[in-house]
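What follows is a single structure, written as structure tokens, with notes after it.
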Amino acid sequence: DTGVSQNPRHKITKRGQNVTFRCDPISEHNRLYWYRQTLGQGPEFLTYFQNEAQLEKSRLLSDRFSAERPKGSFSTLEIQRTEQGDSAMYLCASSADRSQHGYTFGSGTRLTVV
Amino acid sequence: DAKTTQPTSMDCAEGRAANLPCNHSTISGNEYVYWYRQIHSQGPQYIIHGLKNNETNEMASLIITEDRKSSTLILPHATLRDTAVYYCIGGTYSGNTPLVFGKGTRLSVIA
């Protein structure tokens with residue numbers, strides 16, 4: 001297992017365009033989390049899944065954001081009508097229930113909206 | 001989740017022990033103390049967690065005060081590769097409540 005994989009690593013898009021990011025978690029992990037991080041700040045929680053069910057969404061997640069995890073495997077995060085304020089690093093993490101090893105994070109997708 | 005307070009930054013000489021403090025006076029009885037670190041341009045990396053007993057693993061040691069209002073992460077022999085932002089987080093072990101990150105402590109290990 002190569003850990004949590006996120007694609008693409010970098011994305012530059014024009015304001016108003018839609019973007020989609022993908023996260024492939026560690027295969028035996030049933031929990032998957034999305035975070036957003038801007039410069040100088042810690043990661044901010046966006047949403048999380050247990051298997052295919054989306055259990056919690058942050059108030060930060062406006063209606064332009066949607067996340068899915070079909071079949072409880074990989075997950076996608078889509079941002080519609082991107083704004084310059086969406087520029088950030090988008091991090092995905094996965095974990096098992098009551099994990100002794102905490103969350104495993106991917107390397108993130110850096111989004112730049114121009 | 002318990003709110004934690006950490007110093008903004010710290011320096012440590014290479015080869016010396018790095019002691020990173022964290023205050024979590026509002027932590028509840030069932031909340032663990034988790035430590036993560038984030039090296040530049042990478043995702044956070046889990047280090048260690050504990051409830052009330054001191055813990056040690058291959059990366060670090062965690063010392064939790066008896067009243068559980070504070071803890072210290074110890075890197076026994078800091079190297080340049082330990083330069084990172086270190087986050088102290090209070091959270092439940094079940095994983096039902098996602099971890100909430102603060103701004104952490106920026107540790108600079110100096111040669």
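All of these numbers come straight from a predicted model, not from anything done at the bench. So that the names make sense, note that chain A is the first sequence line, chain B the second, and so on, each numbered from 1.
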Quiz prompt | Contact class of A:Q50 relative to chain B, heavy atoms under 4.5 angstrom | solution = side chain
Quiz item: Given the options A:M89, A:E44, A:E56, which has more heavy-atom pairs under 4.5 Å with chain B than any of the others?
Solution: A:E56
Quiz prompt | Verdict with supporting geometry, B:Y87 and B:L99, side chain to side chain contact (heavy atoms under 4.5 Å, CB included) | solution = CA-CA 11 Å; B:Y87 298 99; B:L99 297 180; over 6 Å; no
Exercise. Show your reasoning for whether side-chain hydrogen bond (donor to acceptor under 3.5 Å, both in side chains) applies to B:N23 and B:S25.
Key: CA-CA 6 Å; B:N23 288 322; B:S25 57; over 6 Å; no
Quiz prompt | Centroid-centroid distance, B:Y34 to A:Y103, less than 6.0 Å | solution = no
Quiz prompt | Side chains of A:Y33 and A:S94 in contact at under 4.5 Å (non-hydrogen atoms) | solution = no
Quiz item: Checking B:Y36 against chain A: side chain, backbone, both or neither under 4.5 Å from a heavy atom?
Solution: side chain
Exercise. Please look at A:L91 and chain B and tell me whether the side chain, the backbone, both or neither of the residue comes under 4.5 angstrom of a heavy atom of that chain.
Key: side chain
Quiz item: Hey, which of A:P43, A:C92, A:A93, A:G40 has the most heavy atom pairs under 4.5 Å with chain B?
Solution: A:P43
Quiz prompt | Between A:R64 and A:Q80: side-chain donor-acceptor atoms closer than 3.5 Å | solution = no
Self-check item: Region of A:Q6 that comes under 4.5 Å of a non-hydrogen atom in chain B
Solution: neither
